[in-house]
Each structure stands twice: as structure tokens, then as C-alpha cells.
Amino acid sequence: MAFTIMIDQFEGPLDLMLHLIKDNKLDLFDLDMNILTDQYLQYLNAMESMHLEVASEYLAELAGLLEYKSKKLLPREKVVIEEEYEEDQREKLVKRLLEYQRYKEVSAQFEQKYEERQLMMSKPISEETNKWVHTVTEAEIDGNPYDLIKAMNRVLRRMALSHPLETRMTVKELSLDERVVQIKKRLRDFVGKMSFEDLCSDCDSLHMVIVTFLSVLDLIKHKEITFTLDAQDVIWIIKGEVVYA
Amino acid sequence: MHEHLKPILEGLLFLSGDEGITMEQLLDCLEEVSKEELEETLDTMMKAYLENTHGIELVRFGGVYKFVSKESIHPYAQRLFSSTKMSTLSSAALETLAIVAYKQPITRVEIEEIRGVNCDMMVRKLLARNLIKECGRTDAPGRPFLYEVTEEFMDTFKLESLKELPDLPEFKEERDEELFE
Amino acid sequence: MHEHLKPILEGLLFLSGDEGITMEQLLDCLEEVSKEELEETLDTMMKAYLENTHGIELVRFGGVYKFVSKESIHPYAQRLFSSTKMSTLSSAALETLAIVAYKQPITRVEIEEIRGVNCDMMVRKLLARNLIKECGRTDAPGRPFLYEVTEEFMDTFKLESLKELPDLPEFKEERDEELFE
């Protein structure tokens, strides 16, 4: 599947999801979470493979989608699936998408008004008014240095911010591929099963945890590892492919 | 109608330029005139300036009356004046502003919940552009700031007041309607 | 008469404010129009604005056409502009003063580069209020004036010397450090 649209054309994960829903003609009111999750994941993978930075927000939402999907995929006898919980999760997402869509749509009207307004111009206050302004004695001006520094702050802030509003702020983060290599290295000499928590012991940010999680999914996909969940919901990572008995 | 008021208002509004004048300022200045008389006269003037024979119009955005040139003048103004730069607002900025306008007072975290992305930088940019402002804090942990839109926001989006905001679109299930097709 | 010209001229003359527009500028801007047509239209407009229903008039001084307020509205203007907010400095004035104080000696163009808006008017206001003063010229084309703050500025802001001004914070392109909340 060819992704011709870049991630920075989206205002965030919800925007991307709305695009995928529309593109795949999904029914927002009867949302097929499987298709959405697959498409979303494919999209992010495509971005990663083009070495495009994917903002953490996208990964955070992905984690939610994957959680939903993984609960559905896991063998029923192994996990107690709470249907209600799942429906709640799905409804919650749909509600968020609907809410977001409202503001997205209405902001198009704001844009139109904004453009109209830009075409209307005015003039500065007339010089003539100086002579009346001047009737106020200078002594009445009550300035203090703090007003000055505040004013200068405003100026500098505006200058610092006058870069394109679109600049995306992302901290340089570990990529999925780099993390996969790291994890493989750690598992090479390891015997037995390692908990996901242990695997994350070197993570210093939520982003890294998510990348680790994605790496695990990737390794599972390539049948390099497999996993089990125990009664306490701890994820155990096992090297090699395990056939469910 | 109060014909004698019209030239006074026209002159004052012309002098004040883009700073404009509020109703309160006019009431202070023209003590003998009632608010109703002023509003009536200003309304009549607004209508009169909308006529094609005029190149300027009288607007009231965010409670401030001012004269502005009409859209139709813009191409000529661009030729005549060197600095008629247009600035743009990104769709991220527009989205964030729309959320604040409909939900105000609102915290940054609440904006982020709706947009699904971090809005720290965006909120600071909109504050710097004076399109939103702080309006108190909530009692929630960390006592986060509440934000609301400014008069400048109203001016920027041609709004007299927040009552003029377009209705938020409702997205409803369409399946029911399909049954009757 | 050239009715279609009237709104265009009204709009452009309004926008040109105190500076006004010369016949040459108008001819450049409205290429397809002859000088005779323009003069005729402007004459008609001058007469029309002389009517009592208007508070502004169109004048031509030294070859420059501009709108000015009529004498009759000056008493009202005096009340409006001396009573409102003029005892405090506007934020635009504060910003301009801050830039001069921190960067002096500085030209008007340099101030404009920092503020991002035309500051001609503001510089003149601050000169008129004796908060800034000329202090020589640069060698740049047009030999623009340099400005610095005055003793009166120091009094107003209760400063003994400019060294007392607080240090400026550094504004860098900030990275979002609160990505995870």
C-alpha cells in the first residue's frame, strides 16, 4: 500500500484516524477497530521506514489501539475478555473522534473569516490626536521597570515564535529499528523468560517504553520471540517461536 | 434618528483608526447621549457604509467600533502600499482557537484531550499573539491556568461577540436515514 | 463622473491616513484611469464630504490628498482622546520603549524589524512625549536618525541608569519537554 500523504499533514493521531476511517470507508458509528488499527500501524511503519520522525502522541494512541486489538487476538481461554470493557474502549475512542471532528470542521469556518478579515485594513490612530493626548501631564505616567521587561519579553517571545507555527517539536528519540537491535542483543545470551518490565528497565521515557513495546510486536511478527501473559497481566517474553499446545 | 451624531461619530472613528472606540468610551465622551441613541446611529451608519458607493465600512468586532477598508479595496491597496503583508494561521492554531472559543474557560490539558496532541507550545504561541489569555486557575492539582479568547480574537475572526460563533456541527448516525431511501 | 472610482479612492485615502496620497501615486496605482478622471472624481468627493452630514473632509495640501477630521468635532475629540487610557502607556508604546532602552542607539527601521510592524507613528509619539530623543544619524542610505531614551524616560520608569534594567531572558526555540503528561 502506498502512502502518499505525509504524517505532518495531520494535526495529530485523531486527525490521522479520521483520515484512515474516511479513506477506508469505515463506519464511524460501527467502527471496525481491526482495520483501523492495522491501517494506523501500517501508516506509522511506512513513516518510520522513510525515516520520518513520528511524534510520541501517535505512538501513545497506537498503544491504546494495540491494547484493544491484542486483547481481541489472544486466545479466549487464556484471557478473560471483558466485552464490556472493550466496548467502552471503542465507544470512548469514537466519542473522542466525533468531538475532535466537530472542532476540525468548524475551524474551517474560522479560517474563512480570518482570510476575509485579513483583506480588511485600517490606519493608525491619527497624528492629530497627539495634541489632545498631550494635554495629559507626563507626570501621570506611572511606569515601572517591570512593565518594560514584560514588554521586552513579549517582543522577544514573538520573535522566537515567529517561525512557522507548524514546526513540530519532537525530542530526538530512539527509533524502532535501533531498539529492535538492542533488544535482540539483550535476549541473545538470556535463558528463560524475561518480563516486559525487565526489558524496559533501561527506558527513561514513556516514548522509549512504547518503542520497546512496538519492537516486541515487531519481533513477534518476525517470529523471533513470543510472549505469554500471566494472571497478574505481566507480559513474559520468550525467545523463539512457541507453538500453543 | 439623531442626525447630528453621525458626523461626530464619523470624525471620532476616523481619528481613532485601528484602535477603534468602545461604546463605553463614546458614552463617556458624549455625556448627553443615551446608549440607545448611540447604538441606533451606529447601526444606521454601519448599514450606510455597506453601500457600494463606499470603500470603507464600519465594523464592530469584540465590542470595538472601527472603520476598515472593504475587501474590494485590497487589490488596490496592495499596489499602493508596500506593507500589506498577510499573515496566516496554521490549522493547528485554528483548531486550538476553536476549542478555546467554544469551551472557555478551559485548561491546556482539556484542550489536549480534545486534540489528542500536546498543546503546550501552541498555547504559548497563541498567548504571544494575544489571541487567548489567562483567566484564572482551576482548583485541580497543580492549579492549572484557565484560558479564554481575547478581544483581538474577536477582531481577527470578525466576531461581535461569542454569541456569533457558528453552531458546532453534529455528526449523527446516518444509518437510520438510509432506511428510508 | 466615474462612480466606480469613488469607493476605491475613499478606501485608499482612508488607509493612507496622515501621510495622504499624491496624484502620481494614484495614477501609478490605477493605471487605466486618466488624471482628468481622477481629478474630477476627487473634486466631487471633496464637495460631498463638505456636507454637514460628514465629520471628516477630503483636503489637498501641497499636492497631497488626505482625509482630516473637521474642526466641528475637535471638542469631542479632545474629550475622547484626553480622557481615555492616555495616562498609561499602551503596550505598543512600552514595547517600543523597551526595545530602544535595551538596544540604543537604534534606528526606526531596526525597531520595526524587531517589532514586525511599522513604528513611524509610535516613534513620533514617543518623541513628542519626550521619552526618546534623536542622538545622531547612521551612515546607512538616507542617513536615518538614531534614537535613545531620555532623562524623562528614566524618571518615568524610576531608573537611575540603564544598567538597572533587568537582564533579558533567552528565548530559544523551545523543545517540548512536557510531551508526556
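Chain naming here is simple, since letters A, B, ... match the order of the sequence lines and numbering starts at 1 in each.
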Over-ring placement of B:K158 relative to A:Y114, 6.0 Å and 45° cut-offs: no
OH/B:Y65: more than 12 non-hydrogen atoms of other groups inside 6.0 Å: yes
Heavy-atom pairs under 4.5 Å with chain A, option from B:V68, B:I56, B:T96 with the top count: B:V68
Part of A:Q109 lying under 4.5 Å from any heavy atom of chain B: side chain
Parallel, tilted or perpendicular: rings of A:F110 and B:F157 (30°, 60°): perpendicular
Heavy-atom pair of closest approach, residues B:N118 and A:E57: N-OE2, 2.7 Å
A:E11 side chain near B:S91 side chain, heavy-atom distance below 4.5 Å: yes
Spatial distance of atom CD (A:Q101) from atom CD (B:E170) [nearest 0.5 Å]: 11.0 Å
Part of B:E113 within contact of chain A (heavy atom distance under 4.5 Å): backbone
Largest heavy-atom contact set with chain A, pairs under 4.5 Å, which of B:L159, B:L127, B:D155, B:L165: B:D155
Option in A:Q112, A:E116, A:E99 with maximal non-hydrogen atom pairs under 4.5 Å from chain B: A:E116
Nearest heavy atoms of A:L14 and B:I114, plus distance in Å: CD1-O, 3.3 Å
Closest-packed option against chain B by number of heavy-atom pairs under 4.5 Å, given A:E61, A:E105, A:R96, A:K104: A:E105
Largest heavy-atom contact set with chain A, pairs under 4.5 Å, which of B:A98, B:S16, B:S69, B:G17: B:S69
A:R102 to B:P169 - nearest heavy-atom pair and separation: NE-O, 3.0 Å
Residue part contacting chain B, namely of A:E127, when any heavy atom lies under 4.5 Å: neither
B:E71 bridged to A:R117 by N-O distance under 4.0 Å: no
Contact check, side chains of A:K123 and B:F67, non-hydrogen atoms, under 4.5 Å: no
Least distance between heavy atoms, A:P13 atom then B:V117 atom: CD-CG1, 3.6 Å
Engaged part of B:K70 at the chain A interface, taking heavy atoms whose separation is under 4.5 Å: backbone
A:E111 side chain near B:L89 side chain, heavy-atom distance below 4.5 Å: no
Single hit among B:L94, B:D167, B:L168 for side chain to side chain contact (heavy atoms under 4.5 Å, CB included) with A:V106: B:L168
Validation row: A:Q118, B:H74 side chains within 4.5 angstrom (heavy atoms): no
Spacing of CD1 belonging to A:I125 relative to CG belonging to B:D18, to within rounding of 0.5 Å: 8.5 Å
Validation row: B:F14, A:S126 side chains within 4.5 angstrom (heavy atoms): yes
More than 12 heavy atoms from other groups under 6.0 Å of CG on A:D32: yes
